[in-house]
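Throughout, a chain's letter reflects where its sequence line sits, starting with A, and its residues are numbered from 1. Every heavy atom of this structure was used, including side-chain atoms; hydrogens, water molecules and symmetry mates were not.
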Amino acid sequence: MLGNTMRLHTGPHGPSVAMNRFGLGARPGDGVDGPPPAWVLDHLATYRAKPPATATLERGEPLAARFLKAQREFRALRRERAPGSVGANPAAVLAEEAYAVQLRARIALALQEQASFGERLVHFWSNHFAVSADKPLLRALAGTLEFEAIRPHILGRFSELLLAVERHPAMLVYLDQARSIGPNSVLARQRSERRDNSVPGLNENLARELLELHTLGGGYSQTDVVELALALTGWAVGGIQPFRDRELGRATFHAEAHEPGERQCLRRRYPDGGEEQALAILHDLSVHPSTARHVALKLARHFVADEPTIALVERLAQAFLRTGGELMAVYRALVEAPEAWTSELAKFKSPWEWMISALRAVQLPQERFPVRRGLSDLGQPVWRPRSPAGWADQAQTWAAPYTLYVRVRLAEKMAEAVEVDDPRALAHGILPGVLSRRSASVVAEADRAAQGLALLLCAPEFLRR
Amino acid sequence: MLDRRDFLFSALAQGVVMLPHIALGRAKTDRRLVVIVLRGALDGLHVVVPYGEHAYHAARRQLAIGAGPDSGTIKLDGLFALHAALAHTAQLYARGDALFIHAVASSYRGRSHFDAQNILESGGALPYVRGDGWLARLLPLLRCGDGLVVTPSVPLLLRGTPDIATYVPSRSEPPSEDLLERVTTLYAEDEALRTRWRDHLKMRRMAGAAESGGRRLRQLARIVGYLLSLQNGPRVAVLESHGWDTHTNQVVRLERKLRNLDAAIAELELALGAHWPDSLVLVITEFGRTVAANGTGGTDHGTASALLMVGGALRGGKVVADWPGLSGAALHQGRDLMPTTDMHAVLISVLSEFFALDPGSIAREAFPDLPAGRSWDGLVRT
């Protein structure tokens with residue numbers, strides 16, 4: 001297999017694949033030293049889980065606490081005062097500000113990282129474990145999931161990543177786990193004794209998406225969903241019913257909401273217990289062959305092709321299973337796969353990928369360009385996929401006639417905001433070995449440098465990777 | 001830099017005779033300069049039309065415009081006429097506020113827009129040798145404050161100086177038709193993109209999306225004129241206009257673009273107001289176009305073009321040209337108008353008269369890489 005890799009990646013397109021397919025996009029002057037696959041894997045050696053851009057940001061739990069407190073105060077105020085006299089909801093304002101700050105940090109990291117394969121993996125996992133910042137509290141928390149739960153765990157075992165994500169307040173709130181209690185739990189019994197009609201019941205949302213989207217990808221029954229949901233009961237976020245009076249924003253396990261009894265999930269038994277019950281199930285899920293194949297398929301689809309070959313997926317899945325879910329082993333198998341080094345540009349860049357690669361190519365800082373609005377116009381507002389399935393990783397999602405036009409319009413705007421005198425040289429520099437003769441000549445014949453640059457950013461070789 | 005008074009004293013002390021035409025000391029900073037860069041290579045022959053040239057019709061054939069009252073041109077003199085879309089500019093000419101130079105080109109003889117624009121703006125001898133613009137190098141001589149730009153990025157003309165004032169009115173304009181056409185060419189070999197792009201263009205046509213580049217140029221001209229008219233405002237500004245690369249459908253496209261340019265010039269005059277008699281607008285382009293039409297009703301990249309100047313400071317009402325003619329033997333490489341005047345040399349003369357600066361200083365400071373050229377007198381009221 002290594003022999004195959006060595007043949008393919010040594011082609012003239014090798015550096016382009018390394019920088020544009022595995023990385024976030026070549027910047028002027030970027031180059032690849034040595035064999036491209038090794039160059040790509042080296043990025044992970046310098047990857048930082050807590051870079052300065054995110055290290056100083058407010059964490060999810062204190063943010064959630066401030067949000068919930070502000071929301072309570074606002075609601076109380078609204079009850080007292082006349083309608084219309086109260087003004088904006090400070091909780092919503094807080095959430096918008098947090099979102100904007102987090103988005104700026106994400107963009108800054110994406111634009112500045114030389115060794116960007118790690119950042120690509122962060123974005124991949126962030127989409128795999130998608131939440132959507134549609135409601136105000138999620139608006140504040142979505143980015144924190146990526147920074148706190150995903151960033152630190154992309155290079156370890158899948159089980160650690162899974163646990164960190166599923167226990168993060170953003171996920172607990174998004175998939176309604178925060179409201180789920182066991183029907184026979186202490187809390188449920190207390191409330192039914194009090195004839196408290198506000199008793200929430202069991203919520204299956206997190207359990208279902210955990211099985212369908214995060215781990216197995218299929219091959220489970222409705223019973224499995226219910227059993228997992230029961231096992232997960234107890235995990236909640238303070239300040240949200242039924243834990244309204246607990247420490248605001250804190251994601252923790254509340255034994256009194258946990259469903260007692262043995263659980264049976266995927267034909268395995270898990271004895272009666274507390275938090276460790278769900279942890280045990282999650283651990284088994286994290287090394288399940290279906291999970292291995294599901295993760296393998298998603299990685300192969302993201303990096304290599306919309307419909308990757310069975311052989312490639314199997315190879316990645318084997319690397320996963322052989323090592324008990326060591327993600328580094330899977331990444332190594334991916335980067336060393338000959339399929340990943342074809343000169344054919346099989347993947348159509350998503351709006352995020354295209355925008356970031358364009359800003360990197362022209363060295364345009366986010367302060368000088370409306371990145372957020374551009375991504376919205378292109379149909380991919382960051383952390384808002386509107387579905388826990390995240391963004392579909394396929395060309396048909398993005399290559400629509402109108403959004404193609406929007407890319408052309410944005411390319412023109414970007415080109416006019418920078419001072420690039422010779423787009424021909426830039427074209428050859430960022431797309432070594434893949435720039436077509438036609439694209440090169442259309443760029444060269446533009447009526448001015450800015451137009452040539454805009455055409456480069458819309459070229460087929462730049463729209464794809 | 002000597003102050004005028006210092007020179008006088010030391011000159012008198014040494015018994016030196018002062019030559020009246022040497023301008024020392026401060027430049028005239030009540031003067032306003034606007035440089036309009038037409039990107040894409042303006043077809044000078046279609047703007048300042050040599051109708052009196054005997055080979056004109058044969059050489060230009062379907063692109064030729066006549067000289068009579070219904071012809072689409074306004075007579076300037078016995079040889080030249082102005083494209084009728086430049087109606088206001090023609091009136092300026094009649095008042096002596098417009099002057100045109102023809103058969104003019106920079107030293108560049110290639111056919112790349114980028115390379116030629118680089119030389120046009122940098123004033124270098126070769127493309128990409130200088131990273132700064134001649135206007136940026138001129139600013140310190142003028143000592144009149146910032147150069148004004150109205151785009152997010154600074155054009156090469158003004159790059160290299162920290163003294164830039166930027167004002168960019170917000171825009172939400174669609175991309176130009178020219179860009180959309182080129183994207184079509186870009187996707188010609190890519191089936192997936194080609195079909196989607198074609199679908200989109202079809203929809204656009206149905207929705208009647210029209211080009212609004214002209215509105216933008218007029219808006220910017222108004223703003224530039226206004227800012228330059230202010231007591232404490234800038235004195236030098238750059239405007240850019242693109243879409244002049246008329247490889248196809250030239251007659252119709254230039255008609256529209258020249259009308260927009262004319263309107264922008266009128267806006268500048270209006271906004272500059274009382275300062276018009278002290279103003280100069282240079283309309284420059286990187287090269288001209290082929291004399292004969294190509295197969296798509298347009299022209300390809302050429303060499304010499306026309307340089308248009310308007311402003312109350314001009315001694316205008318004339319076309320200055322060392323006219324080479326359009327017969328086959330007279331053409332550059334058998335296809336282009338032969339350049340007989342060097343653009344940067346003309347600019348040096350014009351700028352030195354306009355700002356009352358010694359042309360040697362301007363050449364040295366702003367155009368250090370260029371050899372000494374011809375000089376002209378009497379183009380500007382000093």
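- With rounding to the nearest 0.5 Å, the separation of CD in B:Glu240 from CD in A:Glu416 is 8.5 Å.
- Classification of A:Arg424 and B:Asp115 as a salt-bridged pair holds, one side-chain N sitting under 4.0 Å from a carboxylate O.
- The candidate with the highest count of non-hydrogen atom pairs below 4.5 Å against chain B, out of A:Pro423, A:Ala395, A:Ala400, A:Ala450, is A:Pro423.
- Donor-acceptor pairing under 3.5 Å is lacking for the side chains of B:Asp245 and A:Gln451.
- Interface residue A:Ala446: backbone and side-chain heavy atoms are both found under 4.5 Å from chain B.
- With A:Arg438 contributing its side chain and B:Thr185 its backbone, the two residues share a donor-acceptor pair below 3.5 Å.
- Counting heavy atoms of neighbouring residues, nucleotides and ligands inside a 6.0 Å radius, atom CZ of B:Arg109 exceeds 12 of them.
- At least one donor-acceptor pair under 3.5 Å links the side chain of B:Gln117 to the backbone N or O of A:Asp447.
- With rounding to the nearest 0.5 angstrom, the OH atom of A:Tyr405 is 6.5 Å from the CG atom of B:Leu180.
- Listed here is the closest heavy atom pair of B:Tyr187 and A:Val408: OH-CG2, 4.5 Å.
- Contacts between residues 457-465 of chain A and chain B, counted as heavy-atom pairs separated by less than 4.5 Å, involve A:Cys458, A:Ala459, A:Pro460, A:Leu463, A:Arg464.
- A pairwise comparison of heavy atoms in B:Pro152 and A:Ala417 identifies CB-CA, 3.9 Å as the closest pair.
- A donor-acceptor distance shorter than 3.5 angstrom exists from the side chain of B:Arg196 to the backbone of A:Ala399, with no hydrogens or angles considered.
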Given the rule in the side-chain contact (heavy atoms from CB on, under 4.5 Å) test, do B:Ser176 and A:Glu412 qualify, once you have shown the distances and angles that lead to the verdict?
-> CA-CA 9 Å; B:Ser176 63; A:Glu412 194 182 37; 4.0 Å; yes
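- You'll find the side chain of B:Leu193 reaches within 4.5 Å of the side chain of A:Phe348, heavy atoms only.
- Here A:Leu404 is the residue among A:Val418, A:Leu404, A:Val443 with the most heavy-atom pairs under 4.5 Å with chain B.
- Using cut-offs of 30° and 60° for the angle between ring planes, the B:His200 and A:Tyr402 rings count as tilted.
- Heavy-atom minimum distance, A:Glu445 versus B:Arg182: O-NH1, 2.8 Å.
- Only the side chain of B:Arg159 comes within less than 4.5 Å of a heavy atom in chain A; its backbone stays farther off.
- Remark: the backbone N or O of B:Leu156 is not paired with any side-chain donor or acceptor of A:Glu419 at under 3.5 angstrom.
- Contacts with chain A were tallied for B:Ala41, B:Pro127, B:Ala188; B:Ala188 has the most, counting heavy-atom pairs under 4.5 Å.
- Separation of atoms OG (B:Ser112) and CG (A:Asp422) is listed at 7.5 Å; rounding is to 0.5 Å.
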